[in-house]
Asker: 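Would you mind keeping the following structure in view while I ask a few things?
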Amino acid sequence: MPFDERRFPAGAGDGPRPHVLREYGLLADGHRGALIGPEGDVSWLCAPGWADPPVFSSLLGGRGSYLVSPANRRFVWGGHYEPGSLIWVSRWVTTDGIVECREALLFPGDARRLVLLRQIRALDGETAVRVRLDPRADFGREPLRDVHRDGDRWTARTGGLHLRHTGGAALPSGDAGQLDGELRVPAGGRHDLVLEVSAAPLDGPAPDPLESWRITEHRWHESVPRLAGGAQRDATLAYTVLRGLTVPRGGMVAAASTALPERALAGRNYDYRYAWVRDQSFAGQAAALTGRYDLLDDAVAFLTERVLADGDRLAPAYTVTGGRVPPQTELASLPGYPGAPVRVGNWVGGQFQLDAFGEVLQVFAAAARHDRLADDSWRALTETARTIEKRWREPDSGIWELPARQWTHSKLACVAGLRAAARVAPPALAGRWAALGDAILADAARHGRHPSGRWQRAYDDERVDAALLLPGIRGALPADDPRTEATRRTVLTELAEDGYLYRFRPDARPLGAAEGAFVLCGFAAALAAWRCGDAVGATRWFERNRAACGPPGLYSEEYDVRQRQLRGNAPQAFVHAMMLEAAITLGQAVPCRP
């Protein structure tokens, strides 16, 4: 059956139109991630790894997508994650009945080969489902070639990738070799589709769908801690997202996507398919609270390798395997997600971000408290402290990656890290690091304290910044230090709107005119309120920001308060990490004990 061009017009790629970000779900296996929209379209999937070019790129206007959707186009959409997993169930109520499609990447994944599982289920009547498989490597620029059909097995190549699809014997081939047609599933029946994409030839037998589902279910169950409490489902999902975004014993990508705008036509759209040192540290610290330590161990392993390799030249971000992030370039041939051009690579690699060193010390100290710091990681901890001692007086780009200045938060992040490290270090080093922390704090007090008594954004900038909540949370100063409380109150007075928090005021415009609220900052406000003893305020901040997601329960970096929309790349890992930390700290989620 021909593809319905009236529903999906040409000119914007061959897949469905882009949707608001709150409607996309994530499939991930540690080595790559897919975004799946409400039409049942896998519109974004890089292969074989996170930062490789996508094989499905219709999200950004490229050719290439994988659609499984009711043939009856009159439907309403819903869906959910199966508990403790990234197994997504798309659900459509049509005028003919209800149909579901169970979706997952085989977990745990393989670095060179992905397996995408899709299981169509007709719940209460025979159903017809439209299927269109049109993989196109390199942002849709590579055609299909070497297409071959043998029963229900379809094989092809695109770019340097080898493809195999099983379960589509009834699907006709289009003019370019893609699969494009309808499948009929009897009432109560199921139909499995399996797509493999590999960097090497697929010479072995195709995966058995039922066995692949059993493996995926079992391994997710093993990999995710059991949590209880009022925010159990959301906190568990946050941990699951972090697990899915993290390469085993490797790095965690900041987000699965690239080039999704933080604000339409504002030029702020970046490639976050890389591992940020700071984000990795946030995730490790949050994971340490859950009672199981896989993600903490992964963070420590990745950071240890990078610190020992690069020392005081530690970059803010790397590929998940520890390589250098390529420079930012623009792909003018694609229309992009509405409101932004397509950009790949990131210019952050050339920055110096002092605060990241303080966060690295924090995650190493967390591992040491749980007796999970090996000798090489102790050396990395010592090297990180040595770098702070050497470079703390230099201007840096800070947590928000801005032009280099003497950012007060960066100094205080180092104080928090040094104090955490001193608590787990031998006496000689503990004394040295505590003294260094005192010296940096004294310098910040001389140059970064506002005349009103609060901390100010930078030594030469009297404005306030929501990042200044973090040093109080991390223990740079005692909870009852008057500078901590004065800063918190000013942040909430000047940067809060409707229960959400902005980073800072970039100009005289009203909050929300320049950028969205930062969900990370909202969860930081909850933690800051908790630390000063305001349990009611902490819960209000937590619950308000917990709602800044769509039906799948995923968070992006920013939240448009007025339009109630997600902005920026999705899902954003450090938001999920801070959400998890807040949930456990506030007692909204607690690890289940045997």
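For clarity, every value in this text was computed on a predicted model and none was experimentally measured. Residue numbers count from 1 along this sequence.
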Asker: Just checking, is any N or O donor in the side chain of Gln563 or Gln565 under 3.5 Å from an acceptor N or O on the other one?
Answerer: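 Checked: Gln563/Gln565 side chains show no N/O donor-acceptor pair below 3.5 Å.
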Asker: How about Arg540: does its CZ atom have over 12 heavy atoms from other parts shown lying under 6.0 Å from it?
Answerer: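 Incorrect, the count does not exceed 12.
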Asker: Are there over 12 heavy-atom neighbours, none belonging to Arg463, within less than 6.0 Å of that residue's CZ?
Answerer: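 Yes - once you tally the heavy atoms of other residues, nucleotides and ligands closer than 6.0 Å, there are more than 12.
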Asker: By the definition side-chain hydrogen bond (donor to acceptor under 3.5 Å, both in side chains), identify the one residue from His409, Arg457, Gln456 that meets it with Asp465.
Answerer: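 Testing Asp465 for a side-chain hydrogen bond (donor to acceptor under 3.5 Å, both in side chains) against His409, Arg457, Gln456 leaves exactly one candidate, Arg457.
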Asker: For the residue pair Ser410 / Asp396, report whether a side-chain donor-acceptor contact shorter than 3.5 Å exists.
Answerer: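 Yes - a donor-acceptor pair under 3.5 Å links their side chains.
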Asker: Can you confirm whether Asp460 is buried at CG, in the sense that more than 12 heavy atoms of other residues, nucleotides or ligands lie under 6.0 Å from that atom?
Answerer: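 More than 12 heavy atoms, drawn from other residues, nucleotides or ligands, come within 6.0 Å of this atom.
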Asker: More than 12 foreign heavy atoms under 6.0 Å from CZ of Arg292: is that the case here?
Answerer: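 It does: Arg292 CZ has more than 12 such atoms within range.
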Asker: Short question: side chain of Asn545, backbone of Trp541 - any donor-acceptor pair under 3.5 Å?
Answerer: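 Answer holds: yes.
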Asker: Is the number of heavy atoms from other residues, nucleotides or ligands within 6.0 Å of CZ (Arg405) greater than 12?
Answerer: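 More than 12 heavy atoms, drawn from other residues, nucleotides or ligands, come within 6.0 Å of this atom.
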Asker: Can you find a side-chain donor-acceptor pair between Asp279 and Tyr272 that sits under 3.5 Å?
Answerer: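 Short answer, no.
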Asker: Please determine if Arg562 and Glu497 form a salt bridge, counting it only when a charged side-chain N lies under 4.0 Å from a carboxylate O.
Answerer: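 Salt bridge: yes.
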Asker: Can a side-chain donor-acceptor contact be found between Glu558 and Gln572 if the only test is distance below 3.5 angstrom?
Answerer: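 Short answer, no.
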Asker: Going through the checks in order, is the side-chain contact (heavy atoms from CB on, under 4.5 Å) test met by Met578 and Leu527?
Answerer: CA-CA 9 Å; Met578 193 66 76; Leu527 287 166; 3.5 Å; yes
Asker: Within the 3.5 Å criterion, strictly below it, is a donor on Trp276 or Glu401 matched to an acceptor on the partner's side chain?
Answerer: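 There is such a pair between these side chains.
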Asker: Among side-chain atoms of Thr304 and Asp376, is any donor-acceptor pair under 3.5 angstrom?
Answerer: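 No, because no side-chain N or O of Thr304 sits under 3.5 Å from a partner of the opposite role on Asp376.
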Asker: Any idea how Trp400 and Phe518 line up, ring-wise: parallel (<30°), tilted (30 to 60°), or perpendicular (>60°)?
Answerer: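 Geometry flag for Phe518 against Trp400: perpendicular rings.
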Asker: Less than 4.0 angstrom from a charged side-chain N to a carboxylate O is my criterion; do Glu330 and Arg343 meet it?
Answerer: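 Here Glu330 pairs with Arg343 in a salt bridge, since their nearest N and O are under 4.0 Å apart.
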Asker: Going by atom types alone, do Asp443 and Tyr459 pair a side-chain donor with an acceptor below 3.5 Å?
Answerer: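 Tyr459 and Asp443 do have a side-chain donor-acceptor pair below 3.5 Å.
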Asker: Using the salt bridge (charged side-chain N to carboxylate O under 4.0 Å, His left out) definition, which of the options Arg391, Arg474, Arg278 pairs with Asp355?
Answerer: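 Exactly one candidate clears the test, Arg278.
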Asker: Using modelled atom types only, decide if a donor and an acceptor are shared between the side chain of Trp378 and the backbone of Leu373 within a distance under 3.5 Å.
Answerer: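 Yes.
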Asker: Are the side chain of Lys411 and the backbone N or O of Trp392 linked by a donor-acceptor pair below 3.5 Å?
Answerer: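 At least one qualifying donor-acceptor pair exists.
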Asker: Under 3.5 Å, is there a donor-acceptor pair linking the side chains of Tyr555 and His576?
Answerer: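 No.
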